[in-house]
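To keep things clear, I will list the structure first and then write my remarks on it.
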Amino acid sequence: MDMGSYPRIRTQINELGEKILRLTPAPTAVVCGSDRLATCLLNFFLSKGICVPEELAIIGCDGDTVFSEFTDKKLCSYRQPFAAMSQFIYQTAADLAEHPDRPFFHAEFPPEYIEGNTI
């Protein structure tokens with residue numbers, strides 16, 4: 001998206017929302033890469049009379065749900081555990097610097113679900 005000005009962002013949100021509404025078959029959900037985009041689309045869909053989440057569910061994916069206070073519905077989202085991930089990466093790098101022959105291993109960091117009323 002062109003983030004140059006608010007009028008340009010609004011135009012792009014409206015264009016994106018219209019494209020989503022013209023899809024066939026009609027989608028039942030939209031997953032957004034950011035809560036700000038999800039909030040803007042949520043406002044767009046509500047302005048068009050779309051019942052969220054009954055007709056179209058929407059969820060964000062970065063945990064910036066404070067921004068969703070700019071709408072009448074609390075946005076559902078996920079928040080990645082960045083602090084735990086950063087600490088793990090730092091410790092792994094330090095361990096590898098000290099023990100370069102250390103075998104690789106798998107680690108999981110489940111995201112935190114943030115309750116709302118859009119799904």
Side-chain angles (χ1 to χ4, degrees):
M1 291 187 68
D2 174 6
M3 303 302 276
S5 69
Y6 288 119
R8 180 66 186 132
I9 293 168
R10 178 177 294 270
T11 298
Q12 291 178 35
I13 291 294
N14 291 346
E15 290 170 356
L16 178 59
E18 291 292 347
K19 284 180 184 179
I20 290 169
L21 294 178
R22 286 193 304 267
L23 291 173
T24 54
T28 58
V30 177
V31 178
C32 297
S34 78
D35 289 347
R36 291 182 181 215
L37 176 58
T39 298
C40 292
L41 281 173
L42 174 59
N43 282 332
F44 172 82
F45 295 137
L46 293 174
S47 77
K48 295 294 185 181
I50 306 297
C51 294
V52 176
E54 296 81 7
E55 294 178 80
L56 185 64
I58 188 164
I59 187 167
C61 289
D62 64 8
D64 186 15
T65 54
V66 173
F67 192 76
S68 73
E69 292 178 17
F70 290 101
T71 190
D72 292 335
K73 294 225 176 223
K74 183 170 176 3
L75 183 67
C76 294
S77 185
Y78 283 92
R79 178 181 295 126
Q80 296 297 329
F82 294 115
M85 292 164 65
S86 298
Q87 182 180 7
F88 176 80
I89 291 167
Y90 175 81
Q91 187 60 54
T92 300
D95 290 349
L96 285 171
E98 194 172 316
H99 307 286
D101 58 340
R102 180 177 176 197
F104 291 97
F105 54 92
H106 177 78
E108 291 185 20
F109 296 92
E112 170 193 0
Y113 173 68
I114 300 169
E115 185 73 39
N117 58 2
T118 58
I119 62 170

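For this chain, numbers begin at 1 and follow the sequence in order. These values consider heavy atoms only, across backbone and side chains, with no hydrogens, waters or symmetry-generated copies.
Atom NZ in Lys48 sits 13.0 Å away from atom CD1 in Ile20 (nearest 0.5 Å). Expressed to the nearest 0.5 Å, how far NZ of Lys19 lies from CG of Asn14 amounts to 12.5 Å. Atoms CD1 and CD1, from Ile119 and Ile58 in turn, are 11.0 Å apart once rounded to the nearest 0.5 Å. Separating the CG atom in Leu23 from the CD atom in Glu18 is a distance of 11.5 Å, to the nearest 0.5 Å. With rounding to the nearest 0.5 Å, the separation of CD1 in Ile59 from CG in Leu42 is 12.0 Å.
A donor-acceptor contact shorter than 3.5 Å links the side chain of Lys73 to the backbone of Val52. Side-chain atoms of Thr118 never come within 3.5 Å of backbone atoms of Leu75 as a donor-acceptor pair (strictly under, hydrogens ignored).
In this structure, the side chains of Ile114 and Asp35 stay at 4.5 Å or more apart for every pair of heavy atoms. Side-chain contact check for Leu16 versus Phe44: every heavy-atom pair is 4.5 Å or farther apart.
Residue Ile89 is not grouped with residue Leu96 when hydrophobic side chains (ILVMFWY) are merged at heavy-atom distances under 4.5 angstrom, including chains of intermediate members. Connection of Ile13 to Leu46 is established within a shared hydrophobic cluster, with ILVMFWY side chains joined at heavy-atom distances below 4.5 Å, either directly or through further cluster members. Taken together through direct or relayed side-chain contacts under 4.5 Å among Ile, Leu, Val, Met, Phe, Trp and Tyr, Val31 and Leu37 form parts of separate hydrophobic clusters.
Minimum heavy-atom separation, Cys32 to Ala38: SG-CA, 3.6 Å. Between Gly17 and Phe45, the closest heavy-atom pair is O-CE2, 4.0 Å. Across all their heavy atoms, Cys61 and Ser77 have their closest contact at N-OG, 3.6 Å. When all heavy atoms of Pro111 and Pro81 are compared, the pair lying nearest together is CA-CD, 4.1 Å.
Heavy atoms from other residues, nucleotides or ligands lying under 6.0 Å from CD of Gln80 number more than 12. More than 12 heavy atoms of other residues, nucleotides or ligands sit less than 6.0 Å from atom CG of Asn117.
In summary, the side chains of Thr71 and Asn43 do present a donor paired with an acceptor at a separation below 3.5 Å, with no hydrogens or angles considered. A donor and an acceptor atom, one from each side chain of Gln91 and Asp95, are located under 3.5 Å apart.
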